[in-house]
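To start, the structure under review is shown below, and the notes come after it.
Below, chain A is the first sequence line, B the second, and so on; all start at residue 1.
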There are 2 protein chains.
Amino acid sequence: MFRAEAHLDLAFQALADPSRRAMVDRLVQGPATVSELAKPLAMSLPGVMQHLAVLEASGLVVSEKIGRTRTCRIEPKVLTQAEHWIAERRALWERRLDRLGQFLDETKDD
Amino acid sequence: MFRAEAHLDLAFQALADPSRRAMVDRLVQGPATVSELAKPLAMSLPGVMQHLAVLEASGLVVSEKIGRTRTCRIEPKVLTQAEHWIAERRALWERRLDRLGQFLDETKDD
DNA sequence: ATATCACTTAACTAATCACTTAAGTATGGT
DNA sequence: ACCATACTTAAGTGATTAGTTAAGTGATAT
């Protein structure tokens with residue numbers, strides 16, 4: 001059984017970890033190798049590889065190995081989808097508040 | 001040691017679960033009791049309570065008990081913060097692409 | 001040829017997660 | 001007073017997570 005929103009599970013899960021957000025933060029500035037991503041991260045290289053695997057599984061990051069170095073970059077589509085999910089809910093919530101305010105205005109002089 | 005982004009860990013973590021997103025989805029339409037949130041969720045009530053606790057810990061939802069019913073509603077601030085985090089990164093990434101395109105345009109006629 | 005560099009795989013561990021069932025606490029209705 | 005309702009708490013379980021160390025693999029530099 002496949003759920004349409006399963007990719008959002010992976011995207012939000014990927015963004016829930018500060019090390020992975022730091023990697024995304026680095027990658028929005030441009031592509032980087034695994035070692036470059038690892039450098040600021042008080043963690044072993046295999047640890048970083050596992051975070052990278054989570055980011056790739058979510059579709060937030062893609063990578064390509066050339067020679068002995070793997071270069072990673074952002075894939076913005078999933079980032080946009082996650083942003084849209086939130087934006088839509090916030091819009092719904094605000095629309096409801098507007099209707100509520102309008103209703104209160106219309107009924108206040110009884 | 002406190003991290004400024006720790007609340008984003010909790011927010012994205014909370015949004016990473018489909019049951020919790022379903023609860024948020026319900027709550028953007030307006031407040032609901034715990035039982036109302038539980039109804040569509042193929043899960044025991046204590047299970048729902050635990051999801052609710054995660055949503056409250058993240059600040060996405062607040063609740064208040066009146067009599068024997070607890071009423072839950074969305075607190076949009078954290079939703080907005082999560083949306084902003086993504087939007088900023090996407091903006092950075094797009095800005096970099098623009099600079100790259102500009103650079104390529106400026107140097108293409110050598 | 002050999003040593004180094006940049007990952008990669010495997011295996012293990014402690015902690016957290018997403019549930020469950022069973023039992024308990026107020027509150028509201030008759 | 002009694003009973004149902006609406007949570008609430010506690011305790012347990014199996015799966016996943018976030019890290020580790022140790023031992024590879026293959027590419028580049030000397």
Side-chain angles (χ1 to χ4, degrees), chain A residues 1-3 5-27 30-73 82, chain B residues 1 3 5-27 30-73:
Chain A
M1 222 237 275
F2 298 111
R3 279 181 306 112
E5 326 83 22
H7 70 283
L8 281 177
D9 297 17
L10 297 177
F12 284 128
Q13 182 68 48
L15 293 176
D17 183 275
S19 301
R20 286 192 295 260
R21 283 204 306 283
M23 291 166 77
V24 169
D25 247 340
R26 167 62 188 78
L27 289 175
T33 67
V34 174
S35 304
E36 283 167 357
L37 289 178
K39 200 157 219 171
L41 286 187
M43 189 188 302
S44 67
L45 200 56
V48 175
M49 292 286 295
Q50 285 177 39
H51 282 305
L52 179 59
V54 173
L55 287 168
E56 293 210 56
S58 76
L60 283 164
V61 169
V62 294
S63 74
E64 185 193 8
K65 190 160 186 177
I66 298 174
R68 64 185 168 182
T69 76
R70 177 174 294 279
T71 304
C72 311
R73 62 191 160 76
Chain B
M1 222 237 275
R3 279 182 306 113
E5 325 83 21
H7 70 283
L8 281 178
D9 296 18
L10 298 176
F12 284 127
Q13 183 69 51
L15 293 176
D17 184 274
S19 301
R20 286 192 295 260
R21 283 203 308 282
M23 292 167 77
V24 169
D25 247 340
R26 167 62 188 79
L27 289 174
T33 67
V34 175
S35 303
E36 284 165 356
L37 290 178
K39 200 158 222 172
L41 287 187
M43 190 189 303
S44 66
L45 201 56
V48 175
M49 293 287 293
Q50 285 175 31
H51 283 305
L52 179 59
V54 172
L55 287 168
E56 293 210 56
S58 75
L60 283 165
V61 168
V62 294
S63 74
E64 185 193 8
K65 189 160 187 175
I66 297 173
R68 62 184 167 179
T69 76
R70 177 173 295 279
T71 304
C72 310
R73 59 190 163 78

### Task
Determine the sole option in A/Leu41, A/Asp17, A/Val61 for which the side chain to side chain contact (heavy atoms under 4.5 Å, CB included) test with A/Met23 is passed.
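Per the side chain to side chain contact (heavy atoms under 4.5 Å, CB included) rule, the option paired with A/Met23 is A/Leu41, out of A/Leu41, A/Asp17, A/Val61.
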### Query
Hey, can you pull the residues of residues 59-71 of chain B with a non-hydrogen atom under 4.0 angstrom from DNA chain C?
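DNA chain C contact set from residues 59-71 of chain B: B/Gly67, B/Arg68.
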For the pair made of [atom1] in [X] and [atom2] in [N], what is the distance, rounded to whole Å?
X       : N      : atom1 : atom2 : value
B/Asp9  : C/dA15 : CG    : C1'   : 16 Å
B/Leu10 : C/dC17 : CG    : C1'   : 14 Å
A/Leu52 : D/dT17 : CG    : P     : 16 Å
B/Met49 : C/dT20 : CE    : P     : 14 Å
B/Lys39 : D/dC7  : NZ    : P     : 11 Å
B/Gln13 : C/dT16 : CD    : P     : 12 Å

### Query
Do A/Thr71 and A/Glu64 come close enough that some side-chain heavy atom pair is under 4.5 Å?
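No; the side chains remain at least 4.5 Å from each other.
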Determine whether a donor-acceptor pair (N or O, by modelled atom type, separation under 3.5 Å) exists between the side chain of [X] and the backbone of [Y].
X       : Y       : result
B/Arg21 : A/Glu5  : yes
B/Arg3  : B/His7  : no
A/Arg20 : A/Leu15 : no
A/Glu36 : A/Thr33 : yes

### Query
Do B/Glu56 and B/Ser63 have a side chain donor and acceptor closer than 3.5 Å?
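On atom types as modelled, these side chains qualify, holding a pair under 3.5 Å.
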### Message
Please determine whether side chain to side chain contact (heavy atoms under 4.5 Å, CB included) holds for the pair B/Leu37 and B/Leu27, giving the CA-CA distance in whole Å, both sets of side-chain angles, and the decisive distance to 0.1 Å.
### Response
CA-CA 8 Å; B/Leu37 290 178; B/Leu27 289 174; 3.9 Å; yes
### Message
What verdict does the side chain to side chain contact (heavy atoms under 4.5 Å, CB included) test give for A/Val62 and A/Cys72, after you've listed the backbone C-alpha separation in whole Å, the side-chain angles of each residue and the deciding distance to 0.1 Å?
### Response
CA-CA 6 Å; A/Val62 294; A/Cys72 311; over 6 Å; no
### Query
Does any N or O donor sit under 3.5 Å from an N or O acceptor when you compare the side chain of B/Gln50 with the base of C/dC17?
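Answer no: no donor N or O sits under 3.5 Å from an acceptor.
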### Message
Strictly below 4.0 Å: does A/His51 bring a side-chain N or O up to OP1 or OP2 of D/dT17?
### Response
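Checking A/His51 against D/dT17: no side-chain N or O falls below 4.0 Å of OP1 or OP2.
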### Query
What does the inter-axis angle of the helix from C/dA1-D/dT30 to C/dT30-D/dA1 come out as, five pairs per end, nearest 10 degrees?
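If I round to tens, the end axes sit 20° apart.
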#### Entry: Contact residues, residues 41-48 of chain B to DNA chain D [heavy atom, < 4.0 Å]
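When residues 41-48 of chain B is checked for heavy atoms under 4.0 Å from DNA chain D, the hits, listed by number, are B/Leu45, B/Pro46.
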### Query
Shortest non-hydrogen contact from B/Arg26 to B/Pro31?
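Distance-wise, the nearest heavy atoms are NH2-O, 3.4 Å.
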